[in-house]
Asks: 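Okay, handing you the structure first.
These numbers come from the heavy atoms of this one structure, side chains and all, not from hydrogens, waters or symmetry mates. Note that the structure is predicted; figures quoted are calculated from it, not measured. Just so it is clear: chains get the letters A, B, ... in the order the sequence lines come, proteins before strands, and each one is counted from 1.
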2 protein chains.
Amino acid sequence: MASIKDVAAEAGVSVATVSRVLNDHPSVSEDARTRVLTAVEALGYRPNAVARSLRTDQTHTLGLVISDVMNPYFTELARSVEEEARALGYSVIIGNADERPDLQDHHVRTLLDRRIDGLLVSPTDGGSPLMLGTARGGTPMVFVDRWIPGVDVPVVRADGRAAVRDLVAHLHGLGHRRLAIIAGPAATTTGSERIEAFREAMAEYGLPLPDAYIGQGDFQAESGRRVTEGFLDLPEPPEAVFATDNLMALGALDAIRARGLRVPDDIALAAFDDIRWFVHTDPPITAIAQPTGELGRAAVRALVDRIEGRTSRSVTLPARLVVRRSCGEAASSPKDLRSTT
Amino acid sequence: MASIKDVAAEAGVSVATVSRVLNDHPSVSEDARTRVLTAVEALGYRPNAVARSLRTDQTHTLGLVISDVMNPYFTELARSVEEEARALGYSVIIGNADERPDLQDHHVRTLLDRRIDGLLVSPTDGGSPLMLGTARGGTPMVFVDRWIPGVDVPVVRADGRAAVRDLVAHLHGLGHRRLAIIAGPAATTTGSERIEAFREAMAEYGLPLPDAYIGQGDFQAESGRRVTEGFLDLPEPPEAVFATDNLMALGALDAIRARGLRVPDDIALAAFDDIRWFVHTDPPITAIAQPTGELGRAAVRALVDRIEGRTSRSVTLPARLVVRRSCGEAASSPKDLRSTT
DNA sequence: GATCGGCATGGAATCGATTACATCCACGCG
DNA sequence: CGCGTGGATGTAATCGATTCCATGCCGATC
């Protein structure tokens, strides 16, 4: 592979001049510029990003550590992050933590070893020493979706509180009184926030929320199935189940099907995170939709602001309830049959 | 951030000795080793991967250029690639081409600029000059899922030919005679292979395949919708539609729903690529399943073999038909209600 | 006691870029 | 005509590692 030295030799100038042309420094003669560009073309020269990074201490790369790539919500997030980053001249390296703190640490470490310019994290847990150290240690960082309390890092997320209240209102309006929830890990902010919002909304409607109706999941499908089976085994099973993420909703659906029960006739189901497949499930699933793409883009903008020395602030966007048929009584208009992209 | 020089100073040895300890070179005294390790610990030193890469000309990084991350099939592929790579000591940088040749080229170029050790590609098209040049230029490379004919690069893929024949047999057995196909781009090998296999199978069963029943899609949901609308507008619409990827199947489902038609009563539907959501759609969709995880792992092994100087060969694994209810007449056993992971 | 082999270690070159500093030259002005 | 100014260019230091080569020392061998 041709190096800058080869280009310099070919063009009959020094490497400094080549470098100046490449970084369009003002003081280069027109003659030198064309000679260099011709040589670049002739040799098919491409600057070595590794060498450049070593010298400039910038990699133009962002790290994205995500809780679970197989979760369509995070896939979409990752996609929008990459798009916005590309638009701003950055590449993205994605690390999939698979909801495992050890894997999360592994990815943070290798990303730091690679000297990424900034880190976007959706933390799986309350914060390992490594994560906390990184946040304090000056690496530009932004939390997206989930965050770690007590750490001075901007957070870009959706607030589902109002939407959860709308959901409870919706269920209440349909006559459901015994509502159960499949919660996410308490160590995650989204996990605790969603159940808290649910609790408050239940209280608001004067509905009891017995412990038996609070199932502990881990944001993976299998836990949704397990918890739902527990609900169905109760002497008095709930009339509605609210899964706090889409994968657990999928697991819940599995469990309900396995018993030969029907949604929503036998039991209602709703989910946090709206994904396009929910339109096509049997029945279409009522869900709380986050502005996923906007979240990803805002997170990148906040991070790049930080990297490039500007200040950046936290961003909170609203989530909204999308009513479909899984809680009973179809919505009046047929609009919900459309995909929600 | 502490550098090797700081460690050397702290330990009272030269940088050479520090480097030897870190790369556990045999000839280092026990004394020096412990002094260095203590210093490393004390300073929280981590080697700078950028500098190391510049010197050794190895990044321990693989590039993965994928046609479309939002496609669950590729998401799963990416996940298994990352897992196997991690097990072998490599990181992965994913580039999402979004089925766009220009984006694909963009990612190949930036990956090469970063001097990745090897490239895994699922090409969107027949091969840009850049892609062909890279393949010829000695960068270790492996094609996965799709490939470019006439290029000397190992291919890791699934062979769907037998499964497509099984599908046609299945449809024929259910009494369907007018079968239509939503094909992928002819420029992709999977696109052309699938339609060819379908054609052969149709011939085998003595079924005609008029041009009107061959729709041209692009592996994205929207094209599946458009093509299916065309089918439904025909004076004699098909009795069954075979979408050659999961997103186009989703689009087809949209189109069918929009007309108020029902699957499989009014029209049968089958898809290439089995994804876990197909179990939960209304109705569950009959699909051809690829051994996705195994493909990803095999591809990484082949690539790493190449990188590390061993020889590597192409791998072809079989795909298989998973019968559900979308083509009519439920399968006899209820086994298909399980998730296929 | 001189020579030799081998181990531990340090000095310095190197990878491919960027960039501070020095140099040179042309031009304009007093 | 001499000097200052500024633009174009080259030399060399630098980033943080790895690694070749030279050196010094120790014990073994003759």
Asks: How is B:N23 classified with respect to the nucleic acid when contacts are heavy atoms under 4.0 Å: base, sugar-phosphate, or nothing?
Replies: sugar-phosphate

Asks: Would you say B:R114 and A:T61 are linked by a side-chain donor-acceptor pair, where the criterion is simply a distance under 3.5 Å?
Replies: yes

Asks: Which distance, rounded to the nearest 0.5 Å, do you find between the CZ of B:R146 and the OG of B:S192?
Replies: 10.5 Å

Asks: Checking contacts here: which listed nucleotide (D:dG10, C:dG16, D:dT18) is nearest the side-chain heavy atoms of B:S19?
Replies: D:dT18

Asks: Can you tell me if A:S67 and A:E99 form a side-chain donor-acceptor pair at under 3.5 Å?
Replies: no

Asks: Output yes when at least one side-chain N/O atom of A:R20 is less than 4.0 Å from OP1 or OP2 of D:dA8, else no.
Replies: no

Asks: Quiz question: going by heavy-atom distance under 3.5 Å, is there a donor-acceptor pair between the base of C:dG16 and the side chain of B:R115?
Replies: no

Asks: Looking at A:N23, I'd like to know if its CG atom is crowded, meaning that more than 12 non-hydrogen atoms belonging to other residues, nucleotides or ligands lie closer than 6.0 Å.
Replies: yes

Asks: Given B:R79, which partner from the list B:E83, B:E76, B:E82 fulfils the side-chain hydrogen bond (donor to acceptor under 3.5 Å, both in side chains) test?
Replies: B:E83

Asks: Under 4.0 Å from OP1 or OP2 of D:dG7: is there any side-chain N or O of A:S27 that close?
Replies: no

Asks: How far apart are the C-alpha atoms of B:D98 and B:R100, what are their side-chain angles, what is the distance that settles it, and do they pass the salt bridge (charged side-chain N to carboxylate O under 4.0 Å, His left out) test?
Replies: CA-CA 5 Å; B:D98 239 335; B:R100 282 169 43 192; 5.5 Å; no

Asks: Please tell me which of B:I4 and A:T17 maps to the more 5' nucleotide of DNA chain D, matching each residue to the nucleotide holding its nearest heavy atom.
Replies: A:T17

Asks: Indicate, with a heavy-atom threshold strictly under 4.0 Å, whether A:A49 touches base, sugar-phosphate, or nothing.
Replies: nothing

Asks: Please produce a list of atom pairs where a protein N or O lies less than 3.5 Å from an N or O of nucleotides 12-14 of chain C.
Replies:
unit_1, atom_1, unit_2, atom_2, d
C:dT14, O2, B:R55, NH1, 2.8

Asks: Please report the end-to-end axis angle for the helix from C:dG1-D:dC30 to C:dG30-D:dC1, five pairs per end, rounded to 10 degrees.
Replies: 70°

Asks: Considering heavy-atom distances to DNA chain C, does B:R33 or A:L22 have its closest nucleotide positioned more toward the 5' end?
Replies: B:R33

Asks: Regarding A:V13, tell me which of base, sugar-phosphate or nothing describes its non-hydrogen contacts under 4.0 Å with the strands shown.
Replies: sugar-phosphate

